[in-house]
S.K.: 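Here you go, one structure.
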Amino acid sequence: MSIKNVSFFKSVERNFDKAAHFTGLPKGLLEQIKACNAVYQMHFPVRINGEYQVIEAYRVQHSHHRMPTKGGIRYSMSVDQDEVMALAALMTYKCALVDVPFGGAKGGVKIDPKRYTDYQLERITRRYTTELVHRNFIGPGIDVPAPDYGTSSREMAWIYDTYQTLKNGELDAAACVTGKPITLNGIRGRTEATGRGVFYGIREMLSIEEDMQKIGIAKGIAGKRIVIQGLGNVGSYTGLICQNEGDARIIAVAEYEGAIYNEHGLDMAALIQHRKDTGTIMTFSGGKPLENRQVALELDCDILIPAALENQITSENAPRIKAKIIVEAANGPVTADANDYLVKKGVIIVPDMYINAGGVTVSYFEWLKNLSHVRFGRMEKRFEHNAFEKLVNAVEKYTGKTIDAREKLILTKGADEIDLVNSGLEETMITAYHTIRDTWKANPKIEDMRTAGFVSAIGKVGSDYMNLGIFP
Ligand code: GLU
């Protein structure tokens, strides 16, 4: 069957089918796992500059095998039912893979946020939330949105406030949405979580010598030449953290307005600041402009990180891709046909459902924090500090040596919320990487990492259904 021009959702289904037969689950159960459980399409009016505009929007709950369902809300002109269904399905497999106990969902509002004022965006967001509340499509135990392409903590704050207004007195209202500002019941580390998770995943993968030898690159992330497409939240933090904590070299960055290159590595912090100040990367003095944004994807590099939107690497440009590893920081950036072509060529594609799962992982921590009504670390930080201090004092006493004051401070620090969040995220990304790797190794017929990820995820969702007794 030709797989060119298939829809995004069909492409996710196709990846599912490729993996399904490795799971040994019955056909009916596989069909249930694959299907989208609930699709809510809405149209609502919002008054913009004195005139009514009808806004098209969606919320899709792909799987109710675990509740609540979970997934971001995107604001983009590319939003349609197919896209939201595909992204909701990916959320199900993503959550299963990293053991986040939610079903998958996604929301979309078909607007170009750049064409609205902040006030207008607030009105659209509040109205969308009201629609969700009225149809019972949002709530701490029902469906919990989060940021995605075109939205941020600001929109989440509006969603939370609208929900709280309509559900006055609901004790756990803060858990109705994640990715909120820290001052509004958010959690430290959520903003950078997806990028940080991408870093932990890449670092883990590159630390396995045996696997790196097979594709002819040296072990370790330090010094690796990386190209990033997209300087939104995910691309920015991925670049910053890979550079600062992994010593990787970001040799090129592509954005909407074009692409820039520097073989010695772009200073990511300065570049991000420059774009904030001037609105473009093209005038950044630390790099030279490339002829267009597309050629950045085709540069010779170790790791290519598409961190923008879906369908960026297609059968058209795949033959010109030179990267040895493609890391899908965005959702669905490599089309199914491009995937097959590149895998045959020996390129490793680290799938979206694993590598960008850091966002939803820390969303899960935020949800737990909201339900427990207490900041992580509040109870134990001082206790830990005191215990470490006793230990350090004992070491000094019995060795007769003095530990200097600065070092003592580092050694005796109790864990803060950010330390615990990052530690939980690191553990999640490393464990999930080995789950996929072990699944792949256990079955040599599996062709790529994506299929291995699907096999593991489908197995987990399937076993939930079995345990529920729906498919005994
Ligand atoms: N939008 C993000 C994703 O695609 C985060 C979802 C969430 O935190 O619920 O994974």
Side-chain angles (χ1 to χ4, degrees), residues 6-25 29-39 60-72 82-107 143-144 146 148 194 197-198 201 310 327-336 339 349-361 363-364 428-429 431-440 443 446-466 471:
V6 293
S7 79
F8 188 9
F9 184 63
K10 282 256 156 28
S11 153
V12 174
E13 285 199 314
R14 192 181 153 269
N15 289 329
F16 180 102
D17 292 340
K18 245 168 105 182
H21 68 276
F22 291 108
T23 64
L25 294 173
L29 175 52
L30 289 168
E31 272 166 24
Q32 172 56 47
I33 296 172
K34 198 161 86 166
C36 265
N37 287 6
V39 179
V60 172
Q61 295 168 354
H62 172 260
S63 179
H64 295 137
H65 71 288
R66 289 217 177 181
M67 293 295 279
T69 52
K70 186 91 191 74
D82 181 81
E83 183 186 71
V84 186
M85 282 169 69
L87 293 165
L90 281 175
M91 285 308 300
T92 294
Y93 308 122
K94 192 185 297 189
C95 289
L97 203 53
V98 292
D99 288 329
V100 163
F102 299 140
K106 201 81 172 195
D143 188 355
V144 183
D148 198 81
T194 310
V198 173
E310 59 264 22
V327 170
E328 293 187 327
N331 287 311
V334 181
T335 63
N339 183 85
I349 301 179
V350 188
D352 44 11
M353 57 194 270
Y354 162 65
I355 201 68
N356 70 32
V360 75
T361 301
S363 274
Y364 169 45
T428 303
M429 293 306 293
T431 305
Y433 186 76
H434 289 279
T435 305
I436 302 176
R437 187 171 181 270
D438 293 348
T439 307
W440 198 358
N443 203 328
I446 293 178
E447 276 173 14
D448 55 9
M449 201 186 287
R450 188 187 318 278
T451 307
F454 264 97
V455 171
S456 164
I458 296 168
K460 290 186 193 184
V461 179
S463 99
D464 270 4
Y465 272 112
M466 301 278 205
F471 283 88

S.K.: Could you please spell out the steps behind the salt bridge (Lys or Arg N to Asp or Glu O under 4.0 Å) verdict for D352 and R450?
M.R.: CA-CA 8 Å; D352 44 11; R450 188 187 318 278; 3.7 Å; yes
S.K.: Short question: side chain of N37, backbone of Q61 - any donor-acceptor pair under 3.5 Å?
M.R.: no
S.K.: Could you tell me the separation between the CZ atom of F8 and the CD atom of E13, rounded to the nearest 0.5 Å?
M.R.: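 Answer for the CZ-CD pair, F8 versus E13, is 12.5 Å.
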S.K.: Tell me, do S11 and T335 make a side-chain contact under 4.5 Å, heavy atoms counted?
M.R.: no
S.K.: Output yes when a side-chain donor or acceptor of N356 lies under 3.5 Å from a complementary backbone atom of T194, and no otherwise.
M.R.: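 A pair under 3.5 Å: no.
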S.K.: How would you list, by chain and number, every residue that makes a side-chain hydrogen bond (donor to acceptor under 3.5 Å, both in side chains) with N15, sequence neighbours excluded?
M.R.: none
S.K.: Would you say the ring centers of F454 and F22 fall short of 6.0 Å from each other?
M.R.: no
S.K.: Of the non-hydrogen atoms in T435 and S456, which two are nearest, and what is the gap between them?
M.R.: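 T435 and S456 have their closest heavy atoms at CG2-OG, 3.5 Å.
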S.K.: To check you understand the geometry: which heavy-atom pair defines the closest contact between A329 and I355, and what is its length?
M.R.: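 Result for this residue pair: N-CG2, 3.9 Å.
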S.K.: Can S63 and I33 be said to form a side chain to side chain contact (heavy atoms under 4.5 Å, CB included), step by step?
M.R.: CA-CA 7 Å; S63 179; I33 296 172; over 6 Å; no
S.K.: Parallel, tilted or perpendicular: which fits the ring planes of Y465 and H65, with parallel below 30° and perpendicular above 60°?
M.R.: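 The rings of Y465 and H65 sit tilted, inter-plane angle from 30° to 60°.
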S.K.: How close do R14 and A336 get, counting heavy atoms only, and between which atoms?
M.R.: NH1-CB, 3.0 Å
S.K.: Hey, could you give me the CG/NZ distance between N331 and K106, rounded to the nearest 0.5 Å?
M.R.: 5.0 Å
S.K.: Looking just at side-chain N and O atoms, do T69 and D143 make a donor-acceptor pair shorter than 3.5 Å?
M.R.: yes
S.K.: Which heavy-atom pair separates V98 from T361 by the least distance, and what is that distance?
M.R.: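 Reported closest heavy-atom pair: CG2-OG1, 3.8 Å.
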S.K.: Enter the distance from I349:CD1 to N339:CG here, rounded to the nearest 0.5 Å.
M.R.: 4.0 Å
S.K.: Can you name the nearest heavy-atom pair linking Y354 to G201, along with the distance?
M.R.: OH-CA, 3.3 Å
S.K.: Tell me which one of K460, K34, H62 satisfies side-chain hydrogen bond (donor to acceptor under 3.5 Å, both in side chains) with T92.
M.R.: H62
S.K.: First locate atom CZ of F102, then atom OG of S363, and finally report the distance between them rounded to the nearest 0.5 Å.
M.R.: 8.0 Å
S.K.: How long is the gap from OG1 on T451 to CZ on F16, to the nearest 0.5 Å?
M.R.: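 It is 12.5 Å, given to the nearest 0.5 Å.
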S.K.: Taking the side chain from K94 and the backbone from A357, do they hold a donor-acceptor pair closer than 3.5 Å?
M.R.: no
S.K.: Taking the side chain as every heavy atom from C-beta outward, state whether K70 and V100 have any atom pair closer than 4.5 Å.
M.R.: no
S.K.: Using every non-hydrogen atom in the two residues, find where T439 and A452 come nearest and quote the distance to one decimal.
M.R.: CG2-O, 3.8 Å
S.K.: Rounded to the nearest 0.5 Å, what separation is found between the CD1 atom of I436 and the OG1 atom of T431?
M.R.: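 Reported to 0.5 Å precision, the distance equals 11.0 Å.
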S.K.: Can you tell me if Q32 has over 12 outside heavy atoms packed within less than 6.0 Å of its CD?
M.R.: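 It does: Q32 CD has more than 12 such atoms within range.
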